[in-house]
Trainee: 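There's a structure below that I have some questions on.
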Amino acid sequence: MIIKPKDRLIFALDVPSLKEVKKWVRLLKGYVGVFKVGKELFTACGPKVIDIIHQSGGKVFLDLKFHDIPNTAAKAGAVAARLGVKMFNVHTLGGLDMMEAVREAVDKTCKRGRRPIILGVTILTSMNEKAMKEVGIQGPVKKRVLYLAGLAKKAGFDGVVASPLEAKDIKKRFGKDFIIVTPGIRMPDSKPDDQNRTMTPKQAIAAGADYIVVGRPIREAKDPVEAANKILEEMR
Ligand code: C5P
């Protein structure tokens, strides 16, 4: 099945108000397959934002990176499933028991085959080996990411959020159906901001990413539609 570049592009709605959400969704609906609702927006506006995106025909990636005791994370996952989002994520560092509890709770909540895509966040794309060492995680980033992706697979998750630099190895080890969502996307001429492990859209797709998450390179562009279009072109 050929997936259109638009369906692979996830726009990070890192804004604090419903007014801005409406503006961005209206502007980018024709260029973006999924809108990502993260911590800033969800904390500011709550689940209403998801309804607004759904009402305007958009799909939602709920990026709240659940990381808690199994019971709490599982209940949060079930609520996310009931909100009808296309995908949501859970932090793999919360452990295998937590991930399994989430997957079981979501399976119980949803009718067969109609559950959202559950993704495990491996190592944040803003982190490098030095930052990992600071929090007591030793060794090369890629090795850790592959290990955590394995745990997500074992828990029955559909895929992972990882940097494009690890995408190729994840696909090789866990198969082509194991979904990879990659933030840390930058055009050759854009600044990295706080991201440490980046690639261009074209490189990320070539490495095996199924979806790419782009925020600031579109949001902060002089002409965001043109920036989104350039990204779609790059992916073709
Ligand atoms: O602006 P930028 O393109 O860097 O935005 C990347 C988005 O992806 C942000 O919303 C960030 O929260 C999210 N993200 C990330 N790294 C992860 C998971 C999500 O950058 N591992």
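Indexing begins at 1, ligand by ligand and atom by atom, following the structure's order. Starting from 1, each residue takes its place in the sequence as its number.
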Trainee: Would you please name every residue forming a side chain to side chain contact (heavy atoms under 4.5 Å, CB included) with Arg26, sequence neighbours left out?
Mentor: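 Applying side chain to side chain contact (heavy atoms under 4.5 Å, CB included) to Arg26 gives Lys22.
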Trainee: Between Lys39 and Asp14, does any side-chain N to carboxylate O distance fall below 4.0 Å?
Mentor: no
Trainee: Considering the heavy atoms of Pro217, write down every atom of ligand 1 situated less than 4.0 Å from one of them.
Mentor: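 Heavy-atom distances to Pro217 below 4.0 Å select 3 (O).
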Trainee: For atom 20 (O) of ligand 1, what's the nearest protein heavy atom and its distance?
Mentor: Gln195 NE2, 3.0 Å
Trainee: Using a strict cut-off of 4.0 Å, indicate which atoms of ligand 1 neighbour a heavy atom of Asp63.
Mentor: 12 (O), 13 (C), 19 (C)
Trainee: Show me which atoms of ligand 1 lie under 4.0 Å from any heavy atom of Arg216.
Mentor: 1 (O), 2 (P), 3 (O), 4 (O)
Trainee: Starting from atom 13 (C) of ligand 1, which protein heavy atom do you reach first, and at what distance in Å?
Mentor: Lys36 NZ, 3.6 Å
Trainee: Are Asp194 and Arg216 close enough for a salt bridge, meaning some N to O gap below 4.0 Å?
Mentor: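 Salt bridge present between Asp194 and Arg216.
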Trainee: Output yes when the distance from some N or O of ligand 1 to some N or O of Asp194 is under 3.5 Å, and no in every other case.
Mentor: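 Looking only at distances, the answer is no, because the N/O contact criterion of under 3.5 Å is not met.
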Trainee: Taking distance alone, with N or O pairs closer than 3.5 Å, would you say Pro183 contacts ligand 1?
Mentor: no
Trainee: Give the atoms of ligand 1, by number and element, whose distance to some non-hydrogen atom of Val213 is under 4.0 Å.
Mentor: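 Per the distance check, 7 (C), 8 (O).
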Trainee: Using a strict 4.0 Å cut-off to heavy atoms of Thr125, name the atoms of ligand 1 that fall inside it.
Mentor: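 Result: 15 (C), 16 (N), 17 (C), 20 (O), 21 (N).
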Trainee: Can you name the atoms of ligand 1, numbered from 1 with element, that are less than 4.0 Å from a heavy atom of Leu124?
Mentor: 17 (C), 21 (N)
Trainee: Run the numbers for me: atoms of ligand 1, each under 4.0 Å from some heavy atom of Asp14, listed by number.
Mentor: 9 (C), 10 (O)
